[in-house]
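See structure below.
Just so it is clear, the model here is predicted, and its values are computed rather than measured.
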Amino acid sequence: MTPPLPPAGRSRFSRNDDPDRLYTLTQGRSRSGSDAFDLVTLVVGECEPTPGMQSEHAAILRMCSFPIAVVEIAAELNLPVSIVRILLSDLLDTGRISARHPRAAPSSAELPDHDLLEQVLVGLRNL
């Protein structure tokens with residue numbers, strides 16, 4: 001049995017794909033110039049695609065009308081995350097997108113005092 005074909009107009013990246021395409025997409029770069037993007041960084045488009053723009057950049061801007069994670073962009077484009085990071089770095093450098101990291105869990109310094117929580121628990125048990 002052969003594996004299912006990807007939807008029309010979309011290719012599935014694999015190790016057997018022509019590396020020249022990825023080289024061309026990134027203009028020969030193997031790393032982004034910024035550490036602004038991890039897998040869960042939320043990306044939001046700041047403008048619409050313009051004529052003459054690289055097709056992958058335009059596709060990213062169309063996807064980013066609402067916040068979307070880097071990993072979701074990579075999955076939608078069927079490109080490795082490392083390649084998408086380079087493309088996103090280009091867009092960030094030109095001000096076409098903004099990147100926001102999800103909120104981190106509160107640190108222990110931001111949590112209520114342990115004694116206060118104990119008093120609340122005792123009060124709830126007494127109800």
Criterion side chain to side chain contact (heavy atoms under 4.5 Å, CB included) on L88 and I73, from CA distance to verdict: CA-CA 10 Å; L88 289 171; I73 295 170; 4.2 Å; yes
Trace of the side chain to side chain contact (heavy atoms under 4.5 Å, CB included) decision for I68 with L42: CA-CA 5 Å; I68 184 170; L42 296 175; over 6 Å; no
Side chain to side chain contact (heavy atoms under 4.5 Å, CB included) evaluation trace for V43 with F37: CA-CA 9 Å; V43 178; F37 303 102; 4.1 Å; yes
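Looking only at side-chain heavy atoms (C-beta outward), L87 and I60 come within less than 4.5 Å of each other. Looking at heavy atoms from C-beta onward, L39 lies in side-chain contact with R85 at the 4.5 angstrom threshold. Side-chain contact between S65 and V44: absent, with no pair of heavy atoms (C-beta onward) separated by less than 4.5 Å. Side-chain contact between D90 and T94 is absent, with no heavy atoms from C-beta onward closer than 4.5 Å. Residues V70 and D38 are not in side-chain contact: their nearest non-hydrogen atoms beyond the backbone lie 4.5 Å or more apart.
Taking CZ of R96 as the reference point, atom CD of E48 lies at 11.5 Å (rounded to 0.5 Å). Rounded to the nearest 0.5 Å, atoms CG (L77) and OG (S55) are 9.0 Å apart. Taking CZ of R62 as the start and CD of E76 as the end, the distance is 11.0 Å to the nearest 0.5 Å. Distance check, rounded to the nearest 0.5 Å: CD of E46 to CG of L61 gives 10.0 Å. With rounding to the nearest 0.5 Å, the separation of OG1 in T41 from CD1 in I97 is 10.0 Å. Taking OG from S82 and CD1 from I86, the interatomic distance works out to 6.0 Å, rounded to the nearest 0.5 Å.
Nearest approach of A58 to P49, heavy atoms of both residues: O-CG, 3.6 Å. Contact record, A74 with V81: CB-CG2, 3.8 Å, taken as the closest heavy-atom pair.
Among Q54, H57, E56, the single residue meeting the side-chain contact (heavy atoms from CB on, under 4.5 Å) criterion with L91 is H57.
Residue L127 is not grouped with residue V122 when hydrophobic side chains (ILVMFWY) are merged at heavy-atom distances under 4.5 angstrom, including chains of intermediate members.
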